[in-house]
Structure formats: structure tokens, C-alpha cells
Student: 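Input: one structure, supplied below.
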Amino acid sequence: MKLNSLVQWFLKQRASLPWRPEDPHAKRDPYAVWISEVMLQQTQVETVKKHYIAWLKDFPTVYDLAQADEENVLLHWQGLGYYSRAKNLHKAAKILIEKYNGDFPKNRSEIEALPGIGKYTAGAILSMARHESEPILDGNLIRIFSRLHLWNFLPTSKPEQDIYWDEARTWSQGKNAYIINEALMEMGRTLCKPQNPLCPNCPLQQECKATSENCSSQYPPRKKSIQETWHGVIVIIESADGKIFSVQEEDTPFLKGQRGLPLFEFSKAHGKGFPGKAERWITPESIEEYHWCGAIKHAITKYKIECQVLYIRSKDKSKKSSHWVARANIKQAFANSLNLKALHKALED
DNA sequence: AAGTCGGGGAT
DNA sequence: ATCCCAGACTT
């Protein structure tokens with residue numbers, strides 16, 4: 001039976017990870033499952049480890065998370081990307097306490113209604129924390145199913161999604177869904193990889209059509225990705241008393257709604273002159289001096305960003321507003337990699 | 001159904 | 001360089 005060989009492979013092979021209890025059959029803390037699963041969304045296991053450990057140390061329970069400042073929550077997310085995940089964790093923690101007495105609600109539909117929790121994460125919580133027979137579907141399972149059945153499509157349209165989720169449901173029907181689900185993910189991560197899959201080691205090789213036809217690496221079909229290059233200017237304004245200017249706006253080119261450095265598109269090769277667009281944040285009369293610090297490169301989703309870093313020193317002292325950030329608070333206030341690269345370029349060169 | 005959202009690891 | 005990662009949400 002294919003389930004047996006998969007489970008046996010997993011129990012023998014099972015890697016030690018910070019969010020895994022020693023006992024593979026133990027019911028897990030739903031809060032810990034939730035945090036780890038959200039961190040793991042579109043993020044590799046190795047990247048998550050350190051963040052997960054630090055998070056659980058500082059926010060060991062849903063109550064600690066709900067009481068934390070959003071700035072502190074975002075600081076813990078620094079480097080993970082997709083920052084709405086952190087904001088949604090914070091929001092959902094408050095909802096869990098106010099509406100559900102600090103625990104997850106009973107029904108799947110209620111869990112999926114929480115901000116940042118979709119079908120995958122709800123299934124992971126229900127199966128791994130509560131040992132319910134609920135399916136999950138992530139990139140690993142999509143790849144495995146595509147290869148097992150030679151499905152030459154991704155779950156894009158609704159009918160295609162139904163096909164994949166129905167398959168996931170059949171795998172999770174038994175009483176050990178908690179271990180089947182995790183075994184499939186681990187198998188996809190370590191053996192059934194996108195490139196160079198290790199089919200000879202696979203516990204499912206007997207039933208896998210792609211293995212028998214020796215075409216695993218052709219499945220699933222690649223999704224088309226279009227990359228764009230984006231040129232801009234990122235602005236560092238320092239007040240006379242040494243604080244850095246920040247903005248928090250919804251219509252920024254990237255990292256919308258997050259506190260950050262002023263940023264604007266600037267496609268023309270700029271001269272040495274002062275770009276008028278920067279006057280949105282500082283009047284020319286207030287400028288003590290400015291200079292170009294060179295370029296930084298950064299990637300955000302499909303965009304390859306190339307930014308000139310513009311440093312401006314103001315004649316004025318900082319106002320008492322949330323715009324101005326002391327040097328000591330830079331990491332908290334500019335909790336994303338794009339801004340930290342620019343600040344490093346301007347202030348530490 | 002398609003677009004958007006970060007950053008890093010692996011090749 | 002390119003792909004893709006234990007996806008969710010908005011348009």
C-alpha cells in the first residue's frame with residue numbers, strides 16, 4: 001500500500017525542525033503550527049528556522065502576540081518578505097482572543113475566515129494540531145500529484161483546483177492525515193524536487209507515471225513569468241539633529257502602506273541635478289546639501305529594482321512627528337531589505 | 001482568472 | 001540569470 005511506504009519512509013527519514021515535536025504522533029500546539037505554516041508560505045524551510053525560533057521565544061503564545069506592538073511584530077518578520085503575513089498574524093491573534101477565547105474556532109470555514117489563513121493553512125492546523133482528516137495542498141503536493149498522474153496542468157482554473165484538492169482529500173482521508181500531509185511535503189521538498197528529482201529513492205516510485213516514463217522533471221508545467229526592470233530614486237533625508245525621514249503611504253511603488261524611505265520612479269538617466277519629485281518631501285530652501293550615493297539593486301516579486309540613492313541633509317531640526325526616526329531605531333522603522341540596503345549605502349560608506 | 005506581494009536558496 | 005518556495009488576498 002502506497003500510504004504505508006510513504007509513512008515508513010517519513011518516520012525513518014523525518015528531519016528535525018524547530019516546529020516539529022520529537023514525537024511524530026504528538027498533537028501539536030495550534031499556535032505553533034499556525035506561526036510556522038504562515039512563515040513557510042512561499043518561504044523555504046532553511047529561511048524560516050531562525051525567524052521561527054526568535055518569534056516563539058518573544059511571542060510564545062497567542063496572547064503575547066496580540067499584546068505586542070505592530071512595529072515589534074514587523075521587526076521579527078524582517079527578511080521574510082510578504083509583510084502582510086505578519087500584519088495578518090497580529091490581526092488574527094487579536095480576533096482569536098476577542099472572539100474565540102484564545103483558541104482556533106472549530107469549523108474550517110471559521111478558521112479560513114481569519115486574516116491570512118487560506119485553505120492550505122487551515123488544513124495544516126486542522127490536521128497537524130487537531131489530527132483531523134483534512135487535506136492540504138501546497139507547491140510540494142502539486143508537484144507530486146502532477147508527476148504521479150502525469151497531469152500536465154497547474155491548479156489555475158476552478159475545475160483544475162478541484163482536481164488537485166480532490167486528490168489531496170483522498171490522501172488525507174485516514175486517521176493519520178497529520179502524518180500523511182507532512183510526509184508528502186517532506187517528500188516533495190527532499191526527493192520530488194522541481195529539478196533533479198531523486199526518483200530512485202522515492203517511496204511512491206512504483207505508482208508514479210512520471211518515474212516510469214522517466215520524465216519527472218518535465219512536470220508540472222512551468223508557469224510563465226515575466227520580469228520587469230524598474231528604475232527609481234530612494235531618498236534619505238537627514239535632519240539637522242541627525243534623524244531620518246520616513247513616510248507611510250498607500251501609493252508608494254513598492255511596500256505599500258509600510259513605513260519606509262521616500263521612493264519614486266525615475267526612468268531617465270538622471271543628471272547630477274536635483275530631481276524635482278523629491279520636493280514632495282522637502283522644500284528646496286531647507287536643503288543644506290545633497291549628493292548621490294550610487295545605486296542599489298533589489299528584487300521584489302517580478303521587478304528588478306535599480307535605485308539611485310539620494311542623500312539630503314536638511315537645515316532644519318526634526319519636527320515632533322512620527323516621520324522622523326532616530327538612528328538607533330532604524331532597524332525597527334525600516335524593517336525591509338530594500339530600505340536597509342539604501343541606508344547602509346548612504347550612512348555607512 | 002489574473003495580478004500583487006519579499007526575499008532568499010538552489011542551480 | 002532563472003525558478004520557485006509548507007499561499008493568501010485583491011482586482
Side-chain angles (χ1 to χ4, degrees), chain A residues 15 17-20 28 32-52 74 77-89 91-92 111-125 127-129 135-144 153-161 164-165 168 178 180-190 192-197 217 220-230 250 252-258 260 296-305 334-341:
Chain A
L17 297 173
W19 48 89
R20 282 185 180 167
R28 300 199 200 168
V33 172
W34 174 41
I35 300 303
S36 63
E37 293 306 330
V38 172
M39 283 188 176
L40 286 160
Q41 290 169 9
Q42 298 296 290
T43 309
Q44 297 181 174
V45 165
E46 278 307 311
T47 308
V48 166
K49 285 181 180 174
K50 284 181 185 170
H51 287 88
Y52 175 84
L74 286 172
W77 210 261
Q78 212 290 313
L80 281 177
Y82 288 139
Y83 294 93
S84 64
R85 292 186 293 175
K87 295 180 181 176
N88 284 334
L89 281 174
K91 275 189 210 167
I111 297 177
E112 288 182 14
L114 292 163
I117 300 187
K119 294 188 68 175
Y120 165 77
T121 305
I125 292 170
S127 62
M128 292 198 265
I136 60 167
L137 182 68
D138 75 333
N140 290 306
L141 274 71
I142 290 168
R143 198 166 52 250
I144 291 170
F153 56 90
L154 292 166
T156 305
S157 68
K158 183 65 167 66
E160 292 166 335
Q161 291 170 21
Y164 274 91
W165 276 100
Y178 64 94
I180 297 287
N181 285 345
E182 200 173 22
L184 284 169
M185 291 193 284
E186 179 113 328
M187 205 274 278
R189 180 170 71 88
T190 61
C192 198
K193 302 180 291 179
Q195 292 118 357
N196 308 99
S217 53
R222 305 231 190 274
K223 41 191 152 189
K224 54 191 171 193
S225 68
I226 304 144
Q227 296 218 3
E228 290 182 31
T229 302
W230 189 92
E250 284 303 327
T252 55
F254 300 100
L255 303 165
K256 298 184 199 310
Q258 293 180 45
I296 57 168
K297 292 184 179 180
H298 190 69
I300 293 181
T301 62
K302 67 175 186 177
Y303 297 98
K304 289 195 299 182
I305 300 171
F334 303 101
N336 65 77
S337 296
L338 172 63
N339 285 340
L340 293 180
K341 280 183 189 175

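Numbers restart at 1 for each chain; the letters A, B, ... are given by sequence-line order, proteins then strands. In what follows, every heavy atom counts, from backbone to side chain, and hydrogens, waters and symmetry copies are set aside.
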Student: Between the protein and nucleotides 9-11 of chain B, list the N/O to N/O atom pairs that are separated by less than 3.5 angstrom.
Tutor:
from  : atom 1 : to      : atom 2 : distance (Å)
B/dG9 : O4'    : A/Gln44 : NE2    : 2.8

Student: Respond yes when some side-chain nitrogen or oxygen of A/Arg189 is under 4.0 Å from OP1 or OP2 of C/dC4, and no when none is.
Tutor: no

Student: Restricting to non-hydrogen atoms, name the atom on A/Arg20 and the atom on A/Glu182 that form the minimum distance, rounded to 0.1 Å.
Tutor: NE-OE2, 2.8 Å

Student: Check every atom of C/dC5, B/dA1, B/dG6 against the side chain of A/Tyr82 and return the nucleotide holding the closest atom.
Tutor: B/dG6

Student: Nearest whole Å is fine: how far is B/dG7 C1' from A/Lys341 NZ?
Tutor: 8 Å

Student: Strictly below 4.0 Å: does A/Lys302 bring a side-chain N or O up to OP1 or OP2 of B/dG3?
Tutor: no

Student: Looking for any heavy atom pair under 4.0 Å, which part of the strands does A/Leu141 touch: base, sugar-phosphate only, or nothing?
Tutor: nothing

Student: Counting just side-chain N and O atoms, does A/His298 come under 4.0 Å of either OP1 or OP2 of B/dG7?
Tutor: yes

Student: Count the heavy atoms of every other residue, nucleotide or ligand shown that sit under 6.0 Å from NZ of A/Lys256, and state whether that count exceeds 12.
Tutor: yes

Student: Quick one: A/Gln42 CD to B/dG6 P, roughly how many Å, whole number?
Tutor: 12 Å

Student: Counting just side-chain N and O atoms, does A/Ser225 come under 4.0 Å of either OP1 or OP2 of C/dC3?
Tutor: yes

Student: Considering only heavy atoms and no angle criterion, is a donor-acceptor pair shorter than 3.5 Å present between the side chain of A/Thr301 and the base of B/dG3?
Tutor: no

